[in-house]
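Below: the structure, in structure tokens.
Reckoned from all heavy atoms, side chains included, excluding hydrogens, waters and symmetry mates. Numbered from 1 within each chain, the chains take letters A, B, ... in sequence-line order.
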Amino acid sequence: MNAADIRIIASPESWIDQVAVDQLRQTAALPGIDAVVGMPDLHAGRGIAVGAAFWSRSHVYPHLVGSDIGCGMGLWRTGIARRKFRADAAERRLHGLDQTWPGDRAGRLAAVGLPPAAGEALGTIGGGNHFAELLRVETVIDAALFAEAGLDAGAVHLMVHSGSRGLGQAILDRHRSRFNVAGLAAEDPACAAYLAEHDAAIRWAVLNRAVIAERFLDRLATRGERLLDLCHNSVTRHRDGWLHRKGAAPADGGLVVIPGSRGDMTYVVRPRPDRADDALQSLAHGAGRKWSRSEARDKLSRRFRIADLERTRLGSRVICEDRDLIFEEAPQAYKDIHQVVRDLQQAGLIDPIAMLCPLLTYKVRRA
DNA sequence: ATGTGC
């Protein structure tokens, strides 16, 4: 059997980790994989490269979606005026958000057709690269699309990056205990069973981001309107097959937010439909790691104090009461978001709409 | 990534 074609969307000046390219090759050689696309934020993952899309005419591979099924980005316009925003006051208000959400968890899950599974975690951000962030508008690139998107240069915006917490993990664990990393033929009843669980995890993750946003807006005594919500870990029907996205934003679901690191800009972009199929209807989902978590810890803990990393070069602040995590997630550990977006633009895949600048990033707080 | 793993 021949390995699937691999396309990597990156200009020569963009650095791509060879380990990630090797991981892409391995995945391309799996039975039934017909097309593979690496995004400019491609980086090595645990066996599977992150920042990639995989298409198969015949098989669904749960391990290509990974454990955080439905992980993605939501963006809200808040009622806070940019000129009235005070970071000190916001920081004082943002407490208790890692604790169990005291709201009607079962009720909210039932409202989207879900059982109370993993309900305790609903409304919590989780760890790793997840966050909630307040941003101001830095640059409007396309005024007409900006207004159409519901963005407002005078308003603070809220971005939420989280997923399905323990639920997606449990679904992948169950699959792996039976099939390990083997794919499921589309006609196998186990495939339909996995997809049903996957779809439930997607709904759980979307609801989770909405509840997280509600909690933050509530603490900040404001309201918000959701402008977009997109999953970058999923498997969906595409043409006559199955499209797996592993850290790849969908190009067929409206406007897309592409965050840089927690000390860099975030772009709002419009996907261009003309060449989207060649990129498996997918885009970069962020800046992508330059250093592994352990590399970032080693290098940055020698050069910086925690307090240095709680403020960024853009003047924003970072709430992260986890010593290791603040080094692992430092901006220095990530690639340049401007280059990632340029690569997508040069490939004819997007039109940039706006650039947003972080004001305050919330990662984790003990109480 | 993970109601985490030693």
What residues, two or more places apart in sequence or in another chain, satisfy ring-ring contact (aromatic ring centres under 6.0 Å, His included) together with F327(A)? none

Applied to residues 264-279 of chain A, the salt bridge (Lys or Arg N to Asp or Glu O under 4.0 Å) test, sequence neighbours excluded, yields R239(A)-D277(A), D264(A)-R313(A), R270(A)-D351(A), R272(A)-D274(A), R272(A)-D351(A)

Apart from V364(A) itself, which Ile, Leu, Val, Met, Phe, Trp or Tyr residues share its cluster (side-chain heavy atoms under 4.5 Å, direct or through members)? L325(A)

Which residues share a ring-ring contact (aromatic ring centres under 6.0 Å, His included) with F304(A), sequence neighbours left out: none

Could you list the protein-to-nucleotides 2-6 of chain B atom pairs, N/O on both sides, closer than 3.5 Å?
residue, atom, partner, partner atom, Å
dT2(B), OP1, R165(A), NH1, 3.1
dT2(B), OP2, G127(A), N, 2.5
dT2(B), O4', Q169(A), OE1, 3.3
dT2(B), O3', R165(A), NH1, 3.3
dG3(B), OP1, G166(A), N, 3.2
dG3(B), OP2, R165(A), NH1, 2.5
dG3(B), OP2, G166(A), N, 3.0

For H285(A), all residues meeting ring-ring contact (aromatic ring centres under 6.0 Å, His included), sequence neighbours excluded: H232(A)

